[in-house]
Every structure is written in structure tokens, then in C-alpha cells.
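Everything below concerns the one structure shown next.
Side-chain atoms are counted along with the backbone in the values below, which use heavy atoms only and exclude waters and symmetry mates. Keep in mind that what you see is a predicted model, and the values were worked out from it rather than measured.
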Amino acid sequence: MNDILGNWKRSHYCGQLRATDIGQEVCVMGWVQRRRDHGGLIFIDLRDRDGIVQLALDPDRDPEAHAKADRVRNEWVIAAVGKVSPRPEGTVNPKMPTGEVEIEISELRILNQAQNPPFMLDEFTDVAENLRLKYRYLDLRRTSVQNCLMLRHKVTRSARKYLDDNGFLDIETPVLTKSTPEGARDYLVPSRVNAGQFYALPQSPQIFKQLLMVSGFDRYAQIVKCFRDEDLRADRQPEFTQIDCEMSFVDRDDVMDIMEGLISTIFKETIGVELKLPMPRISYAEAMDRFGVDNPDLRFDMELVDITPIVKGCGFKVFASVAEQEGGLVKAINAKGCATFSRKELDDLTEFVAIYGAKGLAWVKIQEDGSWQSPIAKFFTEQELAEIGKTLDAEPGDLLLFGADTATIANEALGRLRQHLGQKLGMVSKDDFRFVWVTDFPLLEWDSEEKRHFAVHHPFTAPLDEDVSHIDTDPGKVRAKAYDLVLNGSEIGGGSIRIHDSSVQQKMFDLLGIGEEEARAKFGFLLDALAFGAPPHGGIAFGLDRLVMILAGTDSIRDVIAFPKTQKATCLLSEAPSEVDEKQLRELNIRLSARAKKD
RNA sequence: GGGGCUGUAGUAGAGUCGGUUACAACGCCGGCCUGUCACGCCGGAGGUCGCGGGUUCGAGUCCCGUCAGCCCCGCCA
């Protein structure tokens with residue numbers, strides 16, 4: 001039988017109690033973390049969200065409470081009243097914040113019993129993630145997991161305050177909305193009232209926040225769920241949260257300035273880190289040139305070096321032919337002090353770059369006497385060797401790694417290799433926060449399979465003023481008023497100045513191969529709105545989950561989401577998704593294909 | 001759609017070259033213990049070796065398939 005809570009009121013959270021509370025009568029409630037039975041004396045570590053405090057139950061003080069403590073097991077829910085007391089000489093536990101005190105219990109109530117949990121709820125056992133997710137409500141009792149979600153709360157609180165202080169209005173946008181082409185795959189919701197028609201869950205509130213600017217709200221911000229039906233990754237969930245912002249009468253620098261303020265406020269208020277502003281800004285072209293990727297990790301150097309001009313016409317066919325090819329690129333990085341890498345390690349690196357399409361990875365070990373140990377050294381003249389070495393700042397003990405391919409593959413392979421080596425060589429610290437704005441992205445990219453342009457950012461992104469003139473003659477060269485904020489190699493936010501002229505927007509749809517009729521059908525309401533006096537405007541959206549991941553120092557987005565989904569987009573706790581009743585389907589006018597039924 | 005890693009008591013692991021009854025730890029249950037704090041000591045229970053098939057005299061171990069979880073490529077305006 002359980003006791004009732006009765007008129008007991010909690011006076012303190014467990015983790016609050018300190019030596020300064022000694023002498024107070026307190027009432028605490030929580031879960032039994034651990035029970036230590038000494039035959040006479042019983043100790044209970046009581047846990048709530050704030051921490052752990054030790055309860056001491058002496059049979060001489062209250063036999064009834066002691067008898068109850070004898071029955072208690074791990075994870076039972078209890079309430080206790082008693083006096084905060086100093087621990088006897090020599091029994092203070094310096095590992096616990098509450099370790100100077102204990103509560104001498106005078107009365108104990110067992111509020112609920114608990115089955116033995118399927119895994120230990122301490123910080124010492126590494127439990128398989130599928131089990132943790134199935135019993136997520138138990139997993140979430142663990143201090144380390146609770147801390148992540150409390151940090152997330154602090155981040156959103158801090159963001160809301162900053163945005164409010166800076167005039168942003170929090171306005172909700174629809175969750176049941178319209179499917180739009182381009183972008184990610186939509187999650188669809190059937191409409192019962194309109195047979196055969198579907199809503200889509202928003203990939204982002206993009207169009208609605210632009211409409212709010214047309215309405216004159218001037219500044220909008222929302223912490224909002226977004227949905228994308230794409231495959232999952234360590235940092236990607238099908239439903240995720242954005243800090244979504246939009247501002248009127250601004251250009252790029254205005255948005256970046258005020259958003260740097262947001263990020264630095266969050267860092268200061270959540271983990272006490274003071275960021276240096278303004279954050280560095282580099283162009284997309286520079287990012288690709290120096291780092292091979294548009295999300296460079298600036299915590300270490302090892303930049304990519306272009307040696308295409310040097311190897312043009314050299315004796316090594318692989319390099320020479322790429323160098324002479326239109327769009328070919330030969331680049332290299334210098335892994336300082338890595339000449340000690342084994343054959344196996346070099347093979348692993350070769351395998352690594354193959355993932356990104358590289359056909360091989362040439363390497364050179366610089367020996368102590370300055371000579372080159374390399375399968376390819378013999379193809380180069382002394383002068384070429386010297387020039388390559390000088391360009392790469394090669395010194396004895398260094399390992400030079402080369403990629404030769406199309407610009408896309410060479411950059412990506414070496415860029416990823418650079419980030420891989422930075423990790424492998426321990427050149428990155430989780431306490432080091434290096435931000436960079438990447439700007440001047442291309443507006444469009446050419447899809448050779450579908451033979452049309454796609455918007456690199458999204459179809460509402462404005463071109464750079466100075467590039468507008470060649471939008472018709474050379475659309476691939478047009479740069480966008482877009483910007484990504486990159487932190488430690490992770491894209492944590494991105495945005496742009498939008499097109500606010502309906503004729504420019506119409507032209508953009510033309511470029512994307514979206515005909516006038518289709519544009520009207522899909523985006524007519526936006527085009528109409530832009531024609532009714534839309535102000536210049538732009539904005540940004542931050543990935544809240546990714547931001548919290550970095551602040552928490554974790555590598556999995558699931559650690560910062562209370563109820564995350566598995567890589568197959570299922571919820572092991574609720575067992576969603578699941579089949580539904582035939583009746584529900586009938587109401588929605590949906591019939592399953594034979595294949596879906598069989599599965 | 002593709003590549004890779006993992007799967008053995010409740011948990012996390014060991015299990016050699018294919019060979020007798022699958023190990024020890026933590027947890028759990030019982031007993032003892034009045035200053036522990038991941039308490040200690042004694043005893044006990046607990047196994048579909050993910051699942052299915054194959055090779056073999058014999059499979060946790062080798063092979064094939066499959067399922068689940070994870071990491072990655074594609075995908076993610």
C-alpha cells in the first residue's frame with residue numbers, strides 16, 4: 001500500500017540544500033536513486049530534477065520511518081520530512097554539491113512503488129540507445145540527459161528575451177499548409193473535408209513570414225517546428241526546431257549584425273561564454289578555395305592549396321591531365337607532422353576520400369633529410385618538387401595529401417579530409433567556438449540530370465545588386481544575398497534578403513523552369529502579395545537543435561530532443577508511425593496499395 | 001537506393017582454432033551489518049547467444065538471408 005501525499009508541501013528541491021540550511025525542517029520529494037542499508041542505519045539518495053540529497057534514517061529516531069525505508073527500492077517515489085543536519089566529522093562527501101549535509105528523517109511517505117527499471121539509471125552504465133529510446137521517460141530521469149533539455153530551455157528563453165528586446169513579434173504561422181515544389185520532400189496530411197486534397201507540414205514558415213513583412217509587422221520571430229521527409233543523420237531529425245526571424249527595411253549587414261547579437265547573448269546567458277564580435281565573414285568562393293567546403297571548421301588551419309598551375313604539364317599524367325582539363329583542379333593539404341602515418345592509415349584516408357568520389361589520394365612523406373618518400377615523387381622534376389613544397393610550406397615530418405579531379409570532387413574530398421584529420425589529430429576542442437559567416441553564395445546551381453537550374457538557397461532569395469544585370473546572360477554567375485552562419489564546421493543558421501518585387505520573383509521562377517501557370521498555382525498568393533507594396537526584407541533561421549548540440553558538447557541531435565526518432569524515422573516509445581483503422585482511411589478517401597498492405 | 005559497424009542473462013561485456021554443463025562484473029532476490037555515499041560481506045535466481053536457413057559428427061563461433069539500432073553516401077530549397 002502506498003501512502004497519500006496528504007497536505008505535505010515540498011519545501012526544497014533536493015539539490016538546493018547546503019550547510020547554510022542546517023537546522024531547518026524541510027520536506028523533499030523525489031525518486032530513490034540508491035539505498036544503502038547498514039543493518040541499523042539506512043541511507044537513501046533522493047533525486048529530483050535539481051540534484052541528489054542524502055536522507056539518513058536512524059531506527060532509534062523513528063522506527064516507523066526506518067521500517068518503511070527498509071522496503072524502499074530504486075526509483076520508488078517518496079516524500080520525507082526531517083531536519084537538515086551537518087554530516088558527522090569525516091563523512092562529508094566532496095563529490096556531491098549537497099555533500100556537507102544530510103536530512104535526518106522523522107517521517108517518510110511512500111508515494112508510489114516502481115518496477116525494477118530495465119537499465120541502471122546512473123551515469124556509469126552505457127545503455128544501448130534503442131533501449132533508452134523505448135523507455136525514454138526513464139532515460140530522461142538521468143541527470144546528464146535532463147541537463148541537455150534544461151540547457152535547451154535556457155537557450156530558447158534567452159533567444160525569446162533578446163528577440164523581444166529588439167522588437168521582434170512572435171506570431172504563429174500555420175502547421176497545416178500548402179505543399180510547394182522545390183526543396184525537401186513534404187510530409188502530407190490528407191484533408192477529410194476536401195476529398196483527394198492534402199495539406200503539407202511546413203519545411204519552414206518561409207512564405208508566411210514574408211507575408212507578415214508585407215503586412216507591416218516589421219520584425220517577426222518564432223521558435224517553430226519544421227518538417228522534412230528526408231533521411232536522418234546524427235544531426236538531422238524529420239521534425240526539428242528553428243529560431244525563425246524576418247525583418248523589413250534591411251540589407252544583409254543589418255540582419256547579420258543583429259543576429260550576431262542574438263547568438264552572443266545566448267552563449268553568454270547559457271554557458272557563460274563571451275564571444276568576440278563582429279564574427280568573421282568570408283565569401284562562398286573563398287570558403288571553397290581555402291577549405292573546400294561551404295561550412296569550414298575554423299578551429300584549425302590545414303588549408304587547401306591550389307597547385308593546378310604548378311602541375312600543368314608535369315610528368316605525372318594524373319595531375320597533368322586534370323590540370324589541363326576545363327574545370328579540373330589539383331589541390332593539396334599539408335598534414336603537419338603526419339609523415340609517421342602507417343600504410344594502413346594512408347589506406348584508410350584513401351578509402352575516406354573515395355566516399356566523396358575521389359578516385360585516389362596521392363601522398364608525400366617529407367623525410368628528416370628533406371627528401372620525398374612517395375609513389376609519385378619520381379614523376380616530378382626537382383624544380384616542380386621544390387615549388388610544390390614551397391607552396392605547401394612543407395617541412396621534414398610533414399605529410400602532403402593531394403586531390404586531383406573536377407573542382408567539385410577535389411574540393412569536397414580534400415575539404416572533408418581536412419575536417420576528418422582535424423578530428424583524428426585532436427585539433428578541435430569542444431570548448432572552442434569559432435564562428436564564420438559565409439556569404440555571396442551562387443544564386444543558382446545547374447542540375448545536369450534535370451537540365452535546369454535549382455535555387456541554391458530557395459526561390460525567394462534576392463540576387464546581389466551588382467549581379468542583377470547578368471541574370472539573363474549568365475545566370476550561373478549570379479551571386480545571392482544569402483548568408484550562412486557556420487560554427488565549428490556545422491551550419492547552424494542560414495538566410496537571405498528576399499525578392500520583394502513581384503516581377504523579379506516571376507523572373508526567378510522562369511529561371512527555375514517553373515512556368516507562369518505553375519508559379520500562379522503554387523505561389524500565386526506570394527506573387528500577389530509582393531505586388532501590393534512589399535517592403536525590402538530579409539531574415540534567417542537557426543537550427544535550434546544543432547545549436548544546443550554544440551552548446552551541450554554532444555554529437556547526436558537525439559541527445560537534445562526529449563522524444564527523438566530513430567534513423568528509420570520511428571519512435572520506439574510510442575511506436576509511431578503505425579497502421580490506422582480502415583474506417584479512418586475511408587473517411588479520408590484513402591485506399592492503400594497492395595504493396596503497402598503487404599508490408 | 002547504396003557502403004560500413006553492432007547484436008551473448010535485466011544491463012554492459014569476455015567467450016581463443018568450430019569441441020564437455022556459455023563465463024566473471026553490475027543489477028535483482030534472500031541473509032548479515034549503525035556512517036555509508038557506485039557501501040561492504042555471504043548465499044541464490046536469472047540464457048530463444050536478434051531471427052531464419054545452410055555447412056559440419058558437432059555452430060555463440062563459419063556461410064547465406066533477414067530484422068533492429070547506429071555512422072556515412074545519395075537526399076536534406
Phe43(A) vs His38(A) aromatic rings, parallel, tilted or perpendicular, using cut-offs 30° and 60°?
perpendicular
For rG7(B), what is the paired nucleotide under Watson-Crick or G-U wobble rules, both distances under 3.5 Å?
rC67(B)
Side chain of Glu129(A) - closest among rU11(B), rC70(B), rC37(B)
rC70(B)
Contact class for Ser496(A) vs. all strands (heavy atom < 4.0 Å): base, sugar-phosphate, or nothing?
nothing
Determine the Euclidean distance between corresponding P atoms of rA9(B) and rG3(B); express it in Å to zero decimal places.
29 Å
Provide, to the nearest angstrom, the distance between the CD atom belonging to Glu104(A) and the C1' atom belonging to rU36(B).
15 Å
What is the distance from CZ of Arg47(A) to P of rA38(B), rounded to the nearest Å?
15 Å
Which is true for Asp126(A) with a 4.0 Å heavy-atom rule: it touches a base, it touches only sugar-phosphate, or it touches nothing?
sugar-phosphate
Taking any heavy-atom pair under 4.0 Å as a contact, classify Asn116(A): base, sugar-phosphate, or nothing.
sugar-phosphate
Is there aromatic stacking of Phe119(A) against rU11(B), centre distance under 5.5 Å, plane angle under 30°?
no
Take atom P in rG1(B) and the same atom in rU66(B), then report the distance between them in whole Å.
12 Å
Considering only side-chain heavy atoms of Gln54(A), which listed nucleotide, rG74(B), rC37(B), rC73(B), is closest?
rC37(B)
Distance-only donor-acceptor test, Asn74(A) side-chain atoms vs rG27(B) base atoms, 3.5 Å
no
Lys NZ or Arg CZ of Arg141(A) over Tyr137(A) ring: under 6.0 Å, within 45°
no
To the nearest angstrom, how far is Tyr187(A) atom OH from rC76(B) atom P?
15 Å
Using a cut-off of 4.0 Å on non-hydrogen atoms, how would the nucleic acid contact of Pro459(A) be classed: base, sugar-phosphate, or nothing?
base
Given atom CZ of Arg34(A) and atom P of rC26(B), what is their separation to the nearest angstrom?
12 Å
Once you apply the 3.5 Å cut-off to both distances, tell me the Watson-Crick or G-U wobble partner of rG30(B), or none.
rC42(B)
Say you pick atom P in rG60(B) and the same atom in rU16(B); how far apart are they, in whole Å?
12 Å
Arg34(A)/Asp45(A) ion pair, N-O < 4.0 Å
no
So what does Phe454(A) hit on the nucleic acid, given a heavy-atom distance under 4.0 Å: a base, only sugar-phosphate, or nothing?
nothing
Using a heavy-atom cut-off of 4.0 Å across all strands, would you classify Arg87(A) as base, sugar-phosphate, or nothing?
base
Write down the distance separating the P atoms in rA25(B) and rC42(B), rounded off to the nearest Å.
10 Å
Is there a Watson-Crick or G-U wobble partner for rC37(B) with both distances under 3.5 Å, and if so, which one is it?
none
Return the value, rounded to whole Å, for the distance between atom NE2 of His66(A) and atom C1' of rG35(B).
13 Å
Rounded to the Å, how far apart are His420(A) NE2 and rC73(B) P?
13 Å
For Asp126(A), does the CG atom sit with more than 12 other heavy atoms under 6.0 Å from it, leaving out its own atoms?
no
Using atom C1' of each nucleotide, how far apart are rG19(B) and rC33(B) to the nearest Å?
46 Å
For Leu131(A), answer base if it contacts any base atom (sugar-phosphate contacts may also be present), sugar-phosphate if it contacts only those atoms, and nothing otherwise; contact means non-hydrogen atoms under 4.0 Å.
sugar-phosphate
Does Arg61(A) reach a base, just sugar-phosphate, or nothing at all? Heavy atoms under 4.0 Å.
nothing
Can you check the distance between rC17(B) and rU61(B), where both ends of the measurement are the P atom (answer in whole Å)?
15 Å
Angle between ring planes, Tyr187(A) versus Phe227(A), binned at 30° and 60°: parallel, tilted or perpendicular?
perpendicular
Of the listed nucleotides (rG35(B), rG69(B), rC71(B)), which one gets closest to any side-chain atom of Leu572(A)?
rG69(B)
Between rA24(B) and rC62(B), how far apart are the two C1' atoms, rounded to whole Å?
27 Å
Can you tell me which nucleotide in rC75(B), rG69(B), rC76(B) comes closest to the side chain of Arg185(A)?
rC75(B)
Taking the side chain of Lys95(A) as its heavy atoms from C-beta onward, which of rG30(B), rA38(B), rU34(B) lies nearest to it?
rA38(B)
With a 4.0 Å cut-off on heavy atoms, is Asp229(A) in touch with a base, just the backbone sugar-phosphate, or nothing at all?
nothing
Please tell me which of the listed nucleotides, rC37(B), rG35(B), rA38(B), lies nearest to the side chain of Phe124(A)?
rA38(B)
From C-beta outward on Pro59(A), which listed nucleotide comes closest to its side chain: rC37(B), rU34(B), rC71(B)?
rU34(B)
As a test of reading the structure: which of rU34(B), rA68(B), rC71(B) is closest to the side chain of Ala234(A), going by heavy atoms?
rC71(B)
Given rU36(B), is OP1 or OP2 found less than 4.0 Å from the side-chain N or O atoms of Thr91(A)?
no
For residues Leu304(A) and Arg418(A), report the shortest heavy-atom separation together with the two atoms involved.
CD1-CD, 4.0 Å
Euclidean distance, atom CD of residue Glu351(A) to atom C1' of rG3(B) [Å, nearest integer]
10 Å
Just call it for Ser204(A): base, sugar-phosphate, or nothing, with non-hydrogen atoms closer than 4.0 Å on any strand.
base
Mind checking Glu102(A) for me? I need base, sugar-phosphate or nothing, with any heavy atom below 4.0 Å counting as a touch.
base
Heavy atoms from C-beta onward define the side chain here; which of rU11(B), rC70(B), rC72(B) lies closest to that of Arg233(A)?
rC72(B)
Which value, in whole Å, describes the distance between the C1' atoms of nucleotides rU56(B) and rA14(B)?
26 Å
Which listed nucleotide (rC70(B), rU36(B), rC29(B)) is nearest to the side chain of His38(A)?
rU36(B)
Using a strict cut-off of less than 4.0 Å between a Lys/Arg side-chain nitrogen and an Asp/Glu carboxylate oxygen, indicate whether Arg558(A) and Glu129(A) qualify as a salt bridge.
yes
Gap between atoms CD1 and C1', on Ile557(A) and rC72(B) respectively (whole Å):
16 Å
So, under a plain 3.5 Å distance rule, would you say the side chain of Arg236(A) forms a donor-acceptor pair with the base of rC75(B)?
yes
